[in-house]
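To start, the structure itself, in structure tokens.
Numbers here are sequence positions counted from 1. Values in this document were obtained by computation on a predicted structure and should not be read as measured data.
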Amino acid sequence: MLLALSHELRSLWSARSLVWVLTRREVAARHAGTAAGIVWPYLQPLLTVAAYYLVFDVVFGMRLGEHAPTRAVGAFLVVGALPWMAFCDAVQRGMTSLIDAGGLLHKNPLPPVLFSARAVLASALIYGPLLLLLALAYVPAHGLRLAVLALLPLLVLQLLLCLVLAHLLAILAAALRDVVQMVGFLLSVGIYLSPILFPLSLFPENWRWVLWLNPMTGLVQGYQQVLLLGAWPPASVWGVSVVWIAVLACALNVLVARSRDQLVDWI
């Protein structure tokens, strides 16, 4: 079971030193030629979430309803928006990783999974510290409760989700370039189909199942529980996230097995 995926994991582990070198180069390439240097990849998302807080909390002082995790709109948006930006960055870059590395893959018999993993890990090196910084900013509101420890498994689950989904989409994009355009559209509207811009309680109850079609819904709720309420995420957060990863892993296993002989030719 999952033999093809197991082979990919073994290839990734065997070439872990190369993956680390490729990941560092990927991070360096993102700020190459910029005056701000290594600060720039971190500065962009920080400025975005700072703008949310400034506009909604400081300037307009907008407030959510009584059933929301917090009354401050800006504080609510930041907790969901930063993980969502990390997800989108990892998936988009991972999805085009095989296409971008086409020339290299034609000349060298390297496992394709190295390149989608490189893109996702590079995003993790940028957004991981930012998510931890976010935690440091919110945790004092509730003190160092035991629930803070839930952040680590949440981050691990998000990393696994991005690794599996990015490699899955990278293979599909190599076979059909339209996938890049379609997924780009889905990511642009996905923020509206998740409890990021509004609490889950404000969405019509009969249509809440639609939000669970977004693989980030469970994780976003987990971050909100920990950072806004200081509470351990409910079982639904863990269950839905694990189910999403398992389903995508099974799909990836089938896709890897069927595309192994043609993948390089598609690129």
Pairs satisfying side chain to side chain donor-acceptor pair (under 3.5 Å), at least one member in residues 206-220, at least two apart: none
Exercise: identify the closest heavy-atom pair between Leu228 and Tyr138: CD2-CE2, 3.6 Å
Any pair counted as ring pair (Phe, Tyr, Trp, His ring centres under 6.0 Å), so long as it reaches residues 77-116, sequence neighbours left out: Trp84-Phe87
Pi-cation contact, Trp13 with Arg16 (under 6.0 Å, within 45°): yes
Parallel, tilted or perpendicular, as decided by the 30° and 60° cut-offs, for the rings of Phe198 and Phe203: parallel
Of all pairs that satisfy side chain to side chain donor-acceptor pair (under 3.5 Å), the ones with a partner from residues 111-134, not counting sequence neighbours: Arg30-Ser123, Asp89-Ser123, Ser116-His167
Stepwise side chain to side chain contact (heavy atoms under 4.5 Å, CB included) check, Leu131 with Leu154: CA-CA 11 Å; Leu131 290 171; Leu154 286 172; over 6 Å; no
Set of side chain to side chain contact (heavy atoms under 4.5 Å, CB included) partners for Ala231, sequence neighbours left out: Gln225, Leu229
Close side-chain approach of Leu159 and Leu163, heavy atoms under 4.5 Å: yes
Heavy-atom closest pair, residues Tyr52 and Ala81: CE1-CB, 3.6 Å
Whether over 12 other heavy atoms sit under 6.0 Å from Arg258 CZ: no
ILVMFWY network linking Leu200 to Leu213, side-chain heavy atoms under 4.5 angstrom: yes
Derivation of the side chain to side chain contact (heavy atoms under 4.5 Å, CB included) call for Leu219 and Val240: CA-CA 9 Å; Leu219 293 173; Val240 170; over 6 Å; no
Within one Ile-Leu-Val-Met-Phe-Trp-Tyr cluster: Val242 and Val237, side-chain cutoff 4.5 Å: yes
Minimum-distance pair of heavy atoms, taken over all atoms of Leu193 and Leu211: C-CD2, 3.4 Å
Closest non-hydrogen atom pair, Val226 against Ala150: CG2-CB, 3.9 Å
Full working for side chain to side chain contact (heavy atoms under 4.5 Å, CB included) between Leu151 and Tyr223: CA-CA 7 Å; Leu151 286 175; Tyr223 291 123; 3.9 Å; yes
Pairs touching residues 211-225 that satisfy salt bridge (charged side-chain N to carboxylate O under 4.0 Å, His left out), sequence neighbours left out: none
Min side-chain heavy-atom separation Gln221-Pro233 under 4.5 Å: no
Step-by-step side chain to side chain contact (heavy atoms under 4.5 Å, CB included) determination, Phe76 to Gln224: CA-CA 8 Å; Phe76 177 83; Gln224 291 171 346; 3.3 Å; yes
Euclidean distance, Thr96 OG1 relative to Leu169 CG, rounded to 0.5 Å: 10.5 Å
Which atom of Tyr42 lies closest to which atom of Ile126, heavy atoms considered: CE2-O, 3.2 Å
Side-chain donor or acceptor of Gln158 paired with backbone N/O of Pro83 under 3.5 Å: yes
hydrophobic_cluster_shared for Leu9 and Val164, side chain cutoff 4.5 Å: no
Given Leu255, Leu252, Val256, the one that forms side-chain contact (heavy atoms from CB on, under 4.5 Å) with Leu5: Leu252
Atom pair CE/CG of Met216 and Leu157 - distance to nearest 0.5 Å: 10.5 Å
In one Ile/Leu/Val/Met/Phe/Trp/Tyr side-chain cluster, 4.5 Å: Val156, Leu133: yes
Rounded distance (nearest 0.5 Å) linking atom CD1 of Ile196 with atom CG of Leu82: 10.5 Å
Polar side-chain atom of Glu8 near backbone of Pro111 as donor-acceptor pair, under 3.5 Å: no
Main-chain N/O of Ser11 paired with Ser14 side-chain donor or acceptor, under 3.5 Å: no
Validation row: Val49, Leu77 side chains within 4.5 angstrom (heavy atoms): no
All pairs passing salt bridge (charged side-chain N to carboxylate O under 4.0 Å, His left out) where residues 39-55 contributes a residue, at least two apart: none
Gln92 CD to Ser97 OG distance, which is reported to the nearest 0.5 Å: 12.5 Å
Shortest non-hydrogen contact from Leu110 toward Leu105: O-CD2, 3.5 Å
Cluster link Leu176 to Leu172, ILVMFWY, side chain under 4.5 Å: yes
Reported CG-to-CG distance for the pair Leu155 and Leu160, which is rounded to 0.5 angstrom: 11.0 Å
Atom pair OG/CD1 of Ser259 and Ile171 - distance to nearest 0.5 Å: 4.0 Å
